[in-house]
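First listed ligand is number 1; within each ligand, the first listed atom is number 1. Residue numbers count from 1 along this sequence.
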Amino acid sequence: MPEDALVIFTPSGKRGRFATGTPVLTAARQLGVDLDSVCGGRGICSKCQVSPGYGEFPKHGLTVARDALSEWNSVEERYDQKRGLKKGRRLGCQATIQRDIVIDVPAESQVHKQVVRKAAAERDIVMDPATRLYYVEVQEPDMHEPSGDFERLADALRDQWDVEDVTAGLAVLRKLQPVLRKGNWTATVAVHRGHDSEGHRILDIWPGYSEDRLYGLAIDLGSTTVAAHLCDLRNGEVKASAGVMNPQIRFGEDLMSRVSYSMMNEGGDVEMTKAVREAIDTLAIEVAGEAEIDPKQIVECVFVCNPVMHHLLLGIDPFELGQAPFALATSNALNLTGADLSLGSIHGDAQVYILPCIAGHVGADAAAVALSEEPNKSKDLVLVVDVGTNAEIILGNEEKVLACSSPTGPAFEGAQISSGQRAAPGAIERVEIDPATKAPRFKVIGCDLWSDDPEFADATAATGITGICGSGIIEMVAEMRIHGIVDGPGLIGSPEQTGTDRCFMDGRTYSYLVWDGTEDGGPKITVTNRDIREIQMAKAALYSGARLLMDKFEVDTVDRVVLAGAFGAHISPKHAMVLGMIPDCELDKVTSAGNAAGTGARIALLNIAARAEIEETVHKIHKIETAVEPRFQEHFVNASNIPNAVEPFPILGTIVTLPTATFNTGDGDDTGGRRRRRRA
Ligand code: FES
């Protein structure tokens with residue numbers, strides 16, 4: 001009987017006794033240590049690398065001798081010569097245990113490694129993608145025991161990897177025979193693990209051992225923009241990201257106008273479906289090009305989108321979503337293929353996962369935000385606001401979670417604002433107004449200097465000063481309110497009322513001059529009273545959604561606020577609160593989550609368990625339909641004031657003192673904008 005040796009794995013701390021001669025990989029498997037292997041211990045893939053530790057380990061009460069592992073063998077020697085093995089590393093499938101030892105599994109050898117995300121506020125993702133590579137040795141055919149090559153491949157997957165119930169499409173069957181023979185009855189297979197009942201699907205096969213990388217796309221399909229992140233399915237690395245305008249904008253800027261387009265134009269929905277699918281296909285080619293890979297290596301896609309985009313992506317007429325009771329064709333998560341969505345640029349058998357929708361107005365994008373921000377696991381009461389053309393609002397804690405969506409319209413994205421533009425170099429993104437002169441100074445995207453810096457003109461010569469983006473307009477209006485240029489009801493004052501001739505008569509109301517670049521052929525950037533109305537409507541829609549959820553929760557305050565959305569990271573909490581976009585809250589309790597819906601898509605792409613988790617979570621989220629809630633309208637009217645006609649905002653009061661004067665002299669007030677328009 002060979003002697004037993006104690007083996008301790010780090011960082012997991014798992015330990016056990018093994019007979020001398022046991023390969024490290026075998027010991028790791030028996031203890032459930034996360035050590036990778038694609039070739040199944042055949043010394044080909046090098047994924048099983050470990051770092052043995054020698055000497056004193058007082059923590060473990062162990063002294064490890066130099067000969068605690070078997071000698072360096074010929075397989076390791078060959079691998080080291082051909083590809084190079086880092087100093088001190090061994091191949092876990094080759095090195096065998098001889099005496100007590102401590103073995104470290106480096107991060108790159110772990111299957112379920114954590115993808116550490118850049119921003120501190122972001123949550124790490126544990127890698128467990130649905131599609132993985134397996135190396136197999138397949139039995140050669142035998143005339144006396146006739147069976148198909150595919151059946152023997154399935155046997156190999158079952159016997160060597162415990163992968164059962166495999167299926168494959170025609171494309172794989174067509175290449176199977178030449179591949180197996182070329183690889184001398186060895187092959188690397190890409191296998192997609194479906195839902196519980198669905199078994200496994202072979203997506204592709206290569207002869208012998210292949211390092212072919214697999215990629216996935218996480219797509220955030222928004223009403224205004226479509227954003228895609230290309231991720232390496234082995235380590236979760238984002239290889240490239242890109243975004244395009246949603247081409248459906250030409251059929252209507254907001255969701256409701258797209259629903260009406262499909263109602264009023266025969267085949268309108270088909271046209272919109274085609275447009276968005278083509279845009280996604282082109283986007284896939286673009287990100288693949290940026291990462292210098294073949295788009296056919298994209299074997300998985302995960303989508304998050306609002307309900308109207310969801311239906312239009314699937315080719316389902318969104319008609320029912322335009323009218324009460326806002327019934328979805330299906331709210332369940334969907335497992336489809338790229339071919340179902342006519343995505344011709346990616347792998348022919350690419351698998352598509354669409355997150356579940358929460359309700360008729362609360363879509364898979366809100367589910368993705370919930371997956372990323374986990375309000376259901378929060379001890380304190382958190383309000384998550386995903387600011388976009390259609391705001392997704394979630395309020396909750398570990399006891400309960402409520403969600404609604406609110407039609408903010410595209411004003412926060414710079415649309416429908418006279419000098420508004422998308423966030424791009426040259427767009428004003430930060431604003432400060434001088435309390436004495438009432439003149440603004442600002443920063444534009446692409447330049448770190450304030451506009452009153454002597455170097456500013458040179459630094460912005462290339463981009464110019466082109467307009468105001470979403471975060472810029474929020475700061476602009478809030479600063480105008482703080483410095484008495486716009487009043488609580490949202491009226492810009494006259495030069496006499498405001499003390500600055502930057503305010504000038506512009507039709508029936510006043511506008512405020514921000515920047516006049518006309519001398520150098522640039523634009524004249526102003527804020528008109530109509531712009532203020534647009535922002536009032538957008539922020540009132542957002543606030544009243546949040547307030548409605550607070551009513552349902554029977555609270556008047558929240559513990560913290562998370563701003564999400566493509567430009568959520570750029571919103572200044574103070575200015576958002578001056579505007580009354582978000583409830584009164586300590587400023588340091590207002591944080592930004594970046595593009596939480598996109599992050600949720602990435603989590604679902606890289607971790608299959610997260611899919612089951614969010615499918616379960618959405619069932620527990622209570623949906624509130626703002627359109628049928630009478631108090632929504634009341635909140636909306638109150639929230640049209642800056643910051644609010646009735647709510648006190650006491651914490652804000654300790655930070656800034658807002659002027660109380662109003663500018664309405666009773667003639668010519670443009671109040672038409674205060675009626676709320678339903679956008680979707
Ligand atoms: Fe593949 Fe060790 S498991 S080289």
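- A salt bridge does not link Asp142 with Arg152: every distance from a Lys NZ or Arg NE/NH1/NH2 to an Asp or Glu carboxylate oxygen is 4.0 Å or more.
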Fill in: Intermediate values then yes/no, side-chain contact (heavy atoms from CB on, under 4.5 Å), Lys175 and Asp204
CA-CA 9 Å; Lys175 68 198 277 199; Asp204 215 330; 2.7 Å; yes
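- With sequence neighbours excluded, the residues that form a ring pair (Phe, Tyr, Trp, His ring centres under 6.0 Å) with Tyr134 are Trp161.
- Within the 4.5 Å cutoff, the side chain of Ile358 has no heavy atoms near those of the Glu392 side chain.
- For atom 1 (Fe) of ligand 1, the neighbouring protein N/O/S atoms at less than 2.8 Å, given as residue and atom, are Cys39 SG, Cys45 SG.
- When only modelled atom types and interatomic distance are considered, Asp34 and Ser12 share no side-chain donor-acceptor pair under 3.5 Å.
- Within the 4.5 Å cutoff, side-chain heavy atoms of Arg193 are placed close to those of Asp128.
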